[in-house]
Structures are given as C-alpha cells and as structure tokens.
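The model shown is predicted, which means the values in this text are computed figures rather than measured ones.
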Amino acid sequence: MLCLLILFLLLVSIVISLFNRKIGYSLLGIASVLIIYQGLHCIFLLIAGIVWLFSSAFSIFYDNYGKWLSPLFITSILGMYIVLISNNYLEFLAGWEIMSIPAYAIIGLNKKIDYPAFTFMAFGELSTALILSAFIYSYSITDSIYFTELSSPLPFIISTFGFIVKMGIFPFLVMEWLPITHGSAPANLSAILSATMTLMGVYGIIKIASLTQRSIVTQDFGFILLGMGGFSVFFGALYAYVSEHVKGLLAFSTIENNGSILTGIGVYLISNGILSHFALDVTLVFALAHSIAKTGLFFISGDVEGESLSYVKIAKSLRGKIGGILLATSMSGLLPNIGGVAAWGLLESLFMLAYVEHSILSIIPIISGSIVAMGEGLATGALIKFISYTQIFKIGKTEGSTKSSIILLVGIIILLLGSDSYIFFKGFTAGAPCLGMLEGLLIVSNYGKPFGGISPLYILLLLFIISLITFGIFGKPKIRRSETWNNGEKLEEQYSSFALANNIRMMLSKLLRTKILENEVVFSADIFWEAMYSLAKAYKKFSRILSTSYMNSSLSYYIFYMILAFIIITLLAVII
C-alpha cells in the first residue's frame with residue numbers, strides 16, 4: 001500500500017512539475033520522506049530517500065533550467081525507486097531504463113558539447129545489455145521471472161559487470177562516463193547520478209549475490225573484485241587529485257568511493273561467517289557515507305561560477321564552509337564522520353581476511369589494502385583541494401544563501417551518522433570499562449575473534465575537549481604569512497589549486513600528460529581511455545579493410561563464401 005502511495009506521488013509530481021516545478025519538487029520531497037520511513041527496514045531505500053529529500057529541497061532554490069529539468073529529474077528518481085522495490089527481472093529492467101533515459105535527455109538538453117550525452121547513453125546501454133543477458137540466463141535455469149535462488153554463479157558474474165559499468169569501476173574507469181557526464185549535468189542531477197544511480201549498481205550486485213549459492217567460483221570472483229576495487233580506488237583518487245574541473249574532481253572521487261565499496265563486496269564474497277557479515281555491514285555503511293556526503297558536495301558545485309578550481313567564484317558563507325568541511329572530511333575517510341568509520345572498517349576487513357586466509361592468497365587482500373590506503377591518501381588531498389578552493393581560500397561573493405543551510409544540514413547529518421554508527425554494526429559493539437568506554441560504544445571488528453576497535457563518539461568528544469583546552473591555553477590561532485611557493489610553477493600572488501597537485505603531475509608526467517584546454521580547465525590524459533580509443537580506431541580500420549577486400553560485392557566472392565559455409569556446416573553436422 002505504501003509503495004503504491006509513493007508511486008502515485010512520484011507520478012503526480014512529474015505531471016505537476018511540468019507546470020510548476022517548485023510544487024513538483026515539494027511533492028517529491030513528501031514522497032522521499034515516505035521512502036525514508038519505508039527504508040527503516042531496507043538501508044538502500046533509506047539512503048536513496050535521504051538523498052532525494054535533500055535533492056528536492058536543493059532543487060527548489062536551484063532549478064533555473066527551464067521546464068524540462070524537473071519532470072525528467074523526478075522521472076529518473078521514479079525509475080530508481082522501481083529498481084529498489086522490484087521483485088522480478090522485468091520490473092528491475094523497466095526501472096533501470098526509466099532511470100537512465102531521462103538522465104540522458106537532461107544531459108543532452110544542457111549539452112555544451114555533443115559527446116557527453118552519447119557517452120552516457122552508450123555505456124548505460126552496455127550496462128543494460130549485460131544485465132539483460134544475465135537475467136535471461138537466470139530465467140532459463142529457474143523458469144521464473146521472479147528473483148529466486150540461483151544454482152549457477154554465471155548470472156551473478158555477468159550482471160556484476162553490467163552493474164559496475166554504471167559504477168564507473170576499473171577497467172570501466174576508462175570509459176569515464178561519470179567525469180564526462182558531470183561536465184554537462186546540472187548540479188542536482190549530478191548529485192543523484194553520483195549518489196543514487198551508482199548506488200543502484202551496488203544494490204544490484206548485492207541483490208543478485210544474495211540469490212546466488214556460494215561456491216568456489218563466487219569466492220574466486222571475490223578476489224577479482226578485490227583487485228578491480230583496489231585499482232579503482234587508486235586511479236579514481238589519482239585523477240581526482242590532479243583534476244582542476246570542479247565536477248570532474250567529484251566524479252573521479254565517486255569512482256574512488258565505488259572502488260572501496262566493490263572491495264568490501266569482494267571481502268563479503270570471499271569470507272564466511274562473522275567476517276562476511278562484518279564486510280557486508282562495512283559495504284553498506286560505505287554506500288551510506290558516500291551517497292549522502294557526495295550529494296552535499298555536488299550542491300556546493302552548483303553554487304560556483306566557473307569550471308576550473310583556480311578561477312571559480314562562489315557565494316561564501318559560514319554555514320557553507322562548516323558544512324563543506326564536514327562533508328570533505330567524511331569523504332576523506334576521517335573520523336568521527338561516517339566516512340571515517342567506513343574507511344576504517346574496510347581496511348580492518350582486508351587485514352582480517354589476510355589473517356584468516358593464512359596462505360599464499362593472503363597477499364591479495366594485503367596488496368589491495370595497501371592500494372586502498374594509498375588511494376585514501378590521494379582522496380584526502382583531492383577533497384582538501386576542493387573544499388579549500390571553493391569554501392575557504394577563494395575570493396568571491398560573500399553573501400550566503402538557503403542552499404548553504406542545506407549544505408550545513410547535510411554536513412551535520414554526516415557527523416551525527418558517524419557518531420551514532422553503532423546502530424549499523426549490530427553484533428559488533430562492546431565496551432571497554434578499563435578505558436571508561438560504556439557498553440555498546442565501541443565498534444569491534446571481528447572474524448570470530450576480536451581484531452580491532454574504534455569509538456567514533458569518544459573521538460568526537462575528545463576532539464571537542466582537546467580543542468577547547470587548546471583554545472583556552474593559546475587563544476585564537478595567529479595567521480603566519482610566508483612567500484608563496486608554487487610547487488614547480490611560476491610564482492604567483494596566491495598558492496593556486498593547480499600548484500597544489502603539481503608535484504604528482506611532475507612525478508607522473510609520462511602517465512598523466514597534463515595539458516590546459518581553451519577554457520583554462522586542466523586536463524590530464526586518461527591512458528585507459530586513450531587505449532580503448534586507439535583499439536576502437538584500429539577495429540574500425542580493420543573493418544574497412546575487410547569490407548573493401550573481401551565483402552566487395554563481387555559475385556564470385558559470395559559464391560565462394562556460400563560453398564565454404566556449406567562445407568563447414570556439413571563437417572560440423574557429421575562431427576556433432
């Protein structure tokens with residue numbers, strides 16, 4: 001009954017938004033509140049509902065894109081909701097397409113150049129084709145369109161590749177659909193693309209995994225996901241760190257976070273028992289942390305003028321600054337925010353897996369953990385750069401806005417979720433009376449035996465108390481100004497965003513091959529994208545040669561092909 005009411009509200013809001021987008025967004029907000037209520041028993045609905053609620057509130061003050069953005073925006077959300085409540089393959093696919101097509105239309109309507117919309121749609125359909133193939137095979141072995149237990153791991157493996165295309169995971173990182181698309185998407189669409197459209201990929205993987213019987217194949221596939229996730233974390237964070245594009249940086253950060261989530265899924269598949277439960281909890285907490293924090297950060301991107309971090313102007317306010325710092329620290333994996341809890345849990349999962357395996361295979365989670373740790377370091381640098389040059393250092397307009405209040409609210413929620421993250425780790429909490437920690441206020445990583453522990457609430461309290469003591473003793477910090485050092489670039493009056501990441505560009509110049517585009521946006525070459533582009537060009541050249549040499553409309557050639565085909569089929573018939 002509640003599902004029908006939410007669907008009705010979403011459909012009505014689509015129609016009304018054609019005539020009055022503010023009322024349409026308000027109805028979407030009401031529907032989102034009901035989805036949050038519904039999500040008290042399903043964390044994916046809870047995450048999506050929170051994102052959509054804030055996105056609808058932000059859109060009321062943000063949307064000046066004409067009459068088509070609001071209905072298409074809400075339609076895309078309708079598709080995601082159908083995906084989440086579907087109980088069979090047909091509903092899932094219908095929701096998947098309803099989610100993707102309106103987003104393609106919005107990107108196309110707001111295009112600055114032609115190819116982002118086509119890139120989005122091309123890889124979106126590649127994702128659909130893989131998922132459809134997996135679902136058809138599932139139907140062939142279960143004889144049912146409803147989600148039922150799968151005896152074969154093949155549908156899970158095929159569909160996972162379809163879902164990770166949507167998540168922009170390595171090697172699908174090379175397709176860059178996330179960074180390319182965000183350059184042409186309004187900020188509210190970027191928020192739901194990054195926060196909830198990629199979340200649908202996570203949901204899809206976990207959904208099909210839950211239907212698939214565990215076997216040695218799924219365990220081995222988990223190791224593959226560990227590798228793909230680790231490399232996605234590293235390359236996503238690396239390209240985020242050197243990116244000068246406001247939304248491009250956030251999009252690469254999404255790839256980095258999705259890599260972490262995929263790594264958590266890998267541990268979940270490989271391990272058994274308590275460790276598997278802990279890894280799943282960590283994965284879901286990571287999805288929660290990423291979705292909500294990235295929503296707030298994309299709201300900030302919608303408030304800036306310009307695309308390059310070195311030249312943007314933004315309406316600065318204390319509310320936006322505090323909210324932005326909370327969001328950036330969470331995305332950087334710093335405690336006591338929820339993102340810090342998720343990053344801690346992921347590394348603990350990998351190290352516990354290495355300990356439990358206790359074989360040559362232990363080296364895989366150790367290497368993955370090392371790569372993830374390096375990526376987290378680069379991600380922290382990227383987010384510090386983003387928030388510094390959009391909220392702290394920039395000289396721009398000084399008046400705040402209602403949108404700043406929304407950013408502050410999202411930031412506070414991120415902090416509260418971190419401090420109360422015990423509720424997401426039921427069965428993994430304890431106390432430490434000898435340290436003064438009450439029962440239930442210590443999260444304990446566990447593989448059957450306790451491995452490590454952390455208490456976000458105590459960290460928050462200690463930060464507050466130590467800050468007060470420091471301020472009481474030393475007073476307000478004094479600002480010390482020094483001569484600008486521009487990290488290998490020519491000296492300027494201020495330390496620029498470009499200079500901040502220039503050390504990495506210089507060290508990895510062969511890999512990144514950085515150049516500055518006409519709009520002053522710095523572009524670092526993606527070697528994976530270039531490799532795929534070269535491969536496509538080589539295939540096109542091969543096809544042209546084949547068509548002109550052997551498919552040249554010559555009757556004698558076609559008769560030869562027919563005779564050859566007849567001989568081959570006859571031989572196959574005899575052999576089989």
Is there a side-chain contact between [X] and [Y] (heavy atoms, below 4.5 Å)?
| X | Y | result |
| --- | --- | --- |
| Asn88 | Phe147 | no |
| Ile164 | Ile205 | yes |
| Ile208 | Thr160 | no |
| Leu211 | Thr148 | no |
| Met99 | Thr75 | no |
| Ser260 | Glu376 | yes |
| Ser17 | Ile23 | no |
| Leu189 | Phe298 | no |

Please round to the nearest 0.5 Å and tell me the distance separating atom [atom1] of [X] and atom [atom2] of [Y].
| X | Y | atom1 | atom2 | result |
| --- | --- | --- | --- | --- |
| Ser332 | Leu378 | OG | CG | 11.5 Å |
| Leu53 | Ile50 | CG | CD1 | 8.5 Å |
| Leu132 | Ser159 | CG | OG | 11.5 Å |
| Leu297 | His290 | CG | NE2 | 9.0 Å |
| Leu262 | Asn257 | CG | CG | 12.5 Å |
| Leu327 | Met331 | CG | CE | 9.0 Å |

If only atom types and distance count, is the side chain of [X] paired as donor or acceptor with the main-chain N or O of [Y] below 3.5 Å?
| X | Y | value |
| --- | --- | --- |
| Ser388 | Lys385 | no |
| Ser127 | Gly162 | yes |
| Ser86 | Val83 | yes |
| Arg319 | Ile407 | no |
| Asn20 | Lys22 | yes |
| Ser317 | Gly320 | yes |
| Ser330 | Leu326 | no |
| Lys294 | Leu250 | yes |
| Ser76 | Leu72 | no |
| Ser32 | Leu28 | yes |

Consider only side-chain N and O atoms of Glu256 and Ser232, and report whether a donor and an acceptor are under 3.5 Å apart. no

Any side-chain donor near an acceptor of the partner, Ser55 and Asn188, under 3.5 Å: no

Please name the pair of heavy atoms, one in [X] and one in [Y], separated by the smallest distance, quoted to 0.1 Å.
| X | Y | value |
| --- | --- | --- |
| Ala342 | Val285 | CB-CG1, 4.0 Å |
| Leu45 | Ile35 | O-CG2, 3.4 Å |
| Tyr422 | Leu457 | OH-N, 3.1 Å |
| Val282 | Leu346 | CG1-N, 3.5 Å |
| Pro155 | Leu150 | CB-CD1, 4.1 Å |
| Thr196 | Ala48 | CG2-CA, 3.9 Å |

Do [X] and [Y] make the cut of ring centroids closer than 6.0 angstrom?
| X | Y | value |
| --- | --- | --- |
| Tyr241 | Phe252 | no |
| Phe163 | Trp96 | yes |
| Tyr89 | Tyr139 | no |

Between Phe234 and Val372, does a side chain to side chain contact (heavy atoms under 4.5 Å, CB included) hold up when you go through it step by step? CA-CA 6 Å; Phe234 180 76; Val372 168; over 6 Å; no

Applying side chain to side chain contact (heavy atoms under 4.5 Å, CB included) to Ile255 and Thr198, what does each step give before you reach the verdict? CA-CA 9 Å; Ile255 293 170; Thr198 61; over 6 Å; no

With Phe92 as reference, evaluate Phe135, Tyr146, Tyr81 under the ring pair (Phe, Tyr, Trp, His ring centres under 6.0 Å) test and give the passing residue. Phe135

Verdict with reasoning, Glu97 to Glu125, per side chain to side chain contact (heavy atoms under 4.5 Å, CB included): CA-CA 9 Å; Glu97 287 301 286; Glu125 291 311 302; 3.2 Å; yes

Would Gln38 and Ile6 satisfy side chain to side chain contact (heavy atoms under 4.5 Å, CB included), going step by step from the backbone distance to the final call? CA-CA 10 Å; Gln38 190 182 10; Ile6 293 170; 3.3 Å; yes

